[in-house]
2 protein chains.
Amino acid sequence: MSDEGQLSLRKADSRRRSATRAVTMADVAQAAGVSTQTVSRALRDPRSVGPDTLARIEEAVRETRYVQNFAASHLASNRSMTVAAIIPTISASIFAETIQGLTDVLLPEGYQVFLGHTDYMAGREESLVRSFSGRRPDGFFIIGTRHTQETTALLKRTGVPVVESWSWTNRPVDMLVGFSNHAALMSVVDHLVGRGYRRLAFTGVMKPGDHRAKERLKGFQDAHERHFPGVTPRVVTVTSGPMVMATGVELLKLVREQHPDTDAVVFVSDVLASGALLACAGMGISVPKDLAITGFGNYDIAGQLTPGLTTIAIASRRIGTESANLLLRRMQGGDVENRTQDVGFELLVRGSA
Amino acid sequence: MSDEGQLSLRKADSRRRSATRAVTMADVAQAAGVSTQTVSRALRDPRSVGPDTLARIEEAVRETRYVQNFAASHLASNRSMTVAAIIPTISASIFAETIQGLTDVLLPEGYQVFLGHTDYMAGREESLVRSFSGRRPDGFFIIGTRHTQETTALLKRTGVPVVESWSWTNRPVDMLVGFSNHAALMSVVDHLVGRGYRRLAFTGVMKPGDHRAKERLKGFQDAHERHFPGVTPRVVTVTSGPMVMATGVELLKLVREQHPDTDAVVFVSDVLASGALLACAGMGISVPKDLAITGFGNYDIAGQLTPGLTTIAIASRRIGTESANLLLRRMQGGDVENRTQDVGFELLVRGSA
DNA sequence: CTGTTAGCGCCTTCAG
DNA sequence: CTGAAGGCGCTAACAG
């Protein structure tokens, strides 16, 4: 087929380093009988070159098995065609949906996503932002609105669009697609009180870097104060431990030890709540008669339990797609009218409360 | 503090393009009173320069707020310090653990991970490999061992180490960290038959691109044939639909419609099995007396159900860490003795079967 | 619609 | 241990 010899016309300079001698755009250009510039244009916008020039280039690409080098492209154009995404953990399926939404929108537009996870460790967000900055992403997506001062400064200094999410603030770094965890928990408390529950407890794993959990707790406390002024709210939290169903069972036991009269347990997450709800049968606890249970997130399991788990549903995937749309518009040079977007939440009342 | 004017000594050539006028290594070099070479060396290996030269450079980096440009580094060194990872879906927490393991090992070594998901669509793997190749990753990690011919060719042509995983083959593209889905399902069948079950059914969502599901089905069929020669195994599958617990309930109903005498249902995944198991109570089915149920994956929920779900446990996180170690050794120029690694599986017998 | 020129920011090679 | 020269592969700017 193609004469392999033709592919390597580059001068055998003594300073050459690339041991791989990979196919470059120059090889394609030569094979197609055009300049590299024309190849470059053809690849980026096929309509910008003549139809048979295009055909020859496409054929040359196939023959030479050319694969564009984005690093060179990035360096020359100052656009990396990447977006950096920072999430607390990949293992939480709920953030995974957000990331799927993000990439589902960005990938077709030619952007690739770098993913980093902090495992809720406060310092790791800053070091991730720092190391991601070296790749010069064209945009940042971050879960959370609370960062170290230095992180915020780093993000602003990059000069690229930034979307924060899954939380709420009046002073976002740049753009925001989120909701109020505080308001969500208040609605949970309102619901419980409306149903006649009076001795509410809040429980969960509260990792130091998990500001969303803190906002939920604050929402619980504030609503509790509104309904029961002066009454100290029952709060049982641990600062470490895996976010698994078994931990929910442990927390339920802790709550009942420390506050035996509790008639409703508000969990910080569906994972914990589901574990507790499943364990209730074995512990002789009737839900919701003896005890009401609520969760957060509307995980898959919430609707499958008996009774169903009353919880807060978040448009997780939509947070990702909306964020991607905002980033896209800005990365493509446009501007956005609304830099903050509230996706809200929904209280799903099921049998457990 | 620092004289901002000093930072921009680059010639104001009419052809200049970088509108950002970002801080470069040359700025750092000037601020520190050394050459860019020395800065470059200091950043890559701090011990390769003199102690007070190093101190001056570190101070200059801080002052100038320099952030290294990896694209330039990549282009010059021909190493991108990235690894491309391709998984079926992020939303399955079980693959997420593998990715966490992978990044937990690679990140401290300076490698960043590009993540792509195929959503079990056959063609998307090839296009992902193709587009990822443009970033010139220093290694590939892929879930699965079945690819299109072109995908395999592309992977081999990159010349970088490749790890396939979560499956088994005798002819890996390069390296392999996996286990036999086929053998795992055979052990499930053996167990069921040993417990006296005789009318086994296999069910699950079988997306066209999900070869691991196919291997599991094949394992079921082969074991079934060994135990019940000539008897057609009960197989009820759907080729689309979400991998959620509710789907498991639907499949359970389908199985009982099509094969009312079934006494054991083997699910392709814990997600489906859990949904079914939870629904059994409401359907008046006693598990494991009337019906045995098994899953695959040992998800968090498996051990929380009553009865517990009998399933296959996979060292999901370890697949990630082991793969990362293999890649690292090869990316750092070393060689590995065992290019294939069987992490095995474990049959966890709980109450459901 | 296509070509020429120069430079993106860093690192390898070679020299001191 | 440090510096000088030049190229990695591509694209912006300008010209035709």
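Reckoned from all heavy atoms, side chains included, excluding hydrogens, waters and symmetry mates. So that the names make sense, note that chain A is the first sequence line, chain B the second, and so on, each numbered from 1.
Residue A/Thr38 places none of its side-chain N or O atoms closer than 4.0 Å to OP1 or OP2 of C/dT2. OP1 and OP2 of D/dT2 both lie 4.0 Å or more from every side-chain N or O belonging to B/Ser35. Contact check, B/Ser77 against C/dC10: no side-chain N or O comes under 4.0 Å of OP1 or OP2. Taking side-chain N and O atoms only, A/Ser73 has no distance below 4.0 Å to OP1 or OP2 of D/dC10. Note on A/Thr36: every side-chain N or O is 4.0 Å or more away from OP1 and OP2 of D/dC10.
No N or O donor and acceptor, one from the side chain of B/Arg136 and one from the base of D/dG9, sit under 3.5 Å apart.
Panel note: side chain A/Ser73, backbone A/Asn69; no donor-acceptor pair is recorded below 3.5 Å. Using modelled atom types, one side-chain atom of B/Arg124 and one backbone atom of B/His117 make a donor-acceptor pair closer than 3.5 Å.
Closest contact between the side chain of A/Asn69 and the listed nucleotides D/dT11, C/dC10, D/dG9 involves D/dG9. Closest contact between the side chain of B/Thr24 and the listed nucleotides D/dT11, C/dC10, D/dG3 involves C/dC10. Comparing D/dA13, C/dC10, C/dT13 by their nearest atom to the side chain of A/Gln37 picks out D/dA13. Side chain of B/Ala72, nearest nucleotide from C/dC10, C/dG3, D/dG9: C/dC10. In the set D/dC8, D/dG3, D/dT2, the nucleotide with an atom closest to the side chain of B/Thr53 is D/dT2.
Closest-nucleotide positions on DNA chain C for B/Arg41 and B/Tyr66 were compared, and the one nearer the 5' end corresponds to B/Tyr66.
Rounded to an integer number of Å, the gap from B/Arg79 CZ to C/dG9 P is 22 Å. Distance, A/Asp52 CG to C/dC1 C1': 11 Å, rounded to whole Å. One can place CE of A/Met25 at 19 Å from P of C/dT5, the figure rounded to the nearest angstrom. We find that CG of B/Leu75 is positioned 8 Å from C1' of D/dC10, with the value rounded to whole Å. Separating the NE2 atom of B/His74 from the P atom of D/dC10 is a distance of 11 Å, rounded to the nearest angstrom. A/Arg56 has its CZ atom 11 Å from the C1' atom of C/dT2, to the nearest Å. As rounded to whole Å, 21 Å separates atom P of C/dA6 from atom CG of A/Asn78. The distance from atom CG of B/Asp45 to atom C1' of D/dC1 is 12 Å, rounded to the nearest whole Å.
Within 6.0 Å of CZ in A/Arg339 there are more than 12 heavy atoms belonging to other residues, nucleotides or ligands.
A/Thr38 is listed as a side-chain neighbour of A/Ser35, based on a closest heavy-atom distance under 4.5 Å. Taking 4.5 Å as the limit, every side-chain heavy atom of A/Ile142 sits out of range of all side-chain heavy atoms of A/Val163.
When heavy atoms are screened at a 4.0 angstrom cut-off, A/Arg44 is found touching the sugar-phosphate backbone but no base atom.
Note: B/Phe95 and B/Trp166 have perpendicular aromatic rings, judged against thresholds of 30 and 60 degrees for the angle between ring planes.
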